[in-house]
Amino acid sequence: MNSVSRGSVLVVEDEPTIADVVARYLRRAGYETQVVGDGAAALAAVGARRPDLIILDVMLPGVDGLEVMRRLREDAGTHQVAILLLTARGDEVDRVAGLRLGADDYVVKPFSPAELIARVDAVLRRTGDGTGAETELSFEGLRIDVAGHRVTRDGEEVVLTQREFELLLFLARHPGQVFSRDQLMESVWRYSFYTDTATVTVHVRRLRAKLEREPSAPRWLETVWGIGYRFQP
Ligand code: CA
């Protein structure tokens, strides 16, 4: 499931550290990813590669992000690529102008990479033809209805809290991959300062109690001693 590309994303950002982090998260989430550093290169890349979505920073050297958008949206011959804008905090003008020009969504800097990926997923789910984003994850005996936020085990519904669902979904989207409690906090709790890693432990325990046939000998939610947790597909 993870070997199949979930779509292609062009990252247009002139700050290398931000571009690198975003590209890394996108690839980890299963997106084919290309990075360019200015507006002219962005226009060329859209023409040549036809990405499904562009993450477009507004503040770029030369042709800025809003001008890139204007040109893309005016050119009727260009396929209508989804656009997610990156704007500076407090820059209401850019946000309004961006949405008016046809941005699908925006994210304000500084942002958490996990949140950005969630927005990318959501935009592609809304705008895509359905081939890119998954609607359901299915494993032996376990089904996760992503859009409907429902989980069934052996055909019976398992009622989860929002956070339990997000934790399960995150792990199940990365089957076989081990995550530390810190990584899960970052990806699922998204940098909330009011949680600590004990929260992760508690949620995993609750999730097992609801999900597993034998919570003490988990089939799906494995503990990897000294490291963290892994979803066993
Ligand atoms: Ca920039």
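Note: hydrogens, waters and symmetry copies are ignored here, and every other heavy atom, side chains too, is used. Sequence positions, counted from 1, serve as the residue numbers for this chain. Numbering of ligands and ligand atoms starts at 1, following listing order.
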### Message
Does this structure show an ion pair linking Glu164 with Arg208, if we count only N-O contacts that are shorter than 4.0 Å?
### Response
no
### Trace of the side-chain hydrogen bond (donor to acceptor under 3.5 Å, both in side chains) decision for Tyr25 with Asp20
CA-CA 9 Å; Tyr25 271 75; Asp20 285 353; over 6 Å; no
### Query
Judged by atom type as modelled, is there a donor-acceptor pair below 3.5 Å linking the side chain of Gln34 to the main-chain atoms of Ala45?
no
### Task
For the Ca ion (ligand 1), report each protein N, O or S atom nearer than 3.0 Å, sorted by chain and then by residue number.
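The answer is Asp14 OD1, Asp57 OD2, Met59 O.
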### Message
Can you see whether Arg49 engages Ser8 through a side-chain donor-acceptor pair at a distance of less than 3.5 angstrom?
### Response
no
### Arg119 and Tyr106: side chain donor to acceptor below 3.5 Å
no
### Connected hydrophobic set around Met59, excluding itself, where side chains approach under 4.5 Å
none
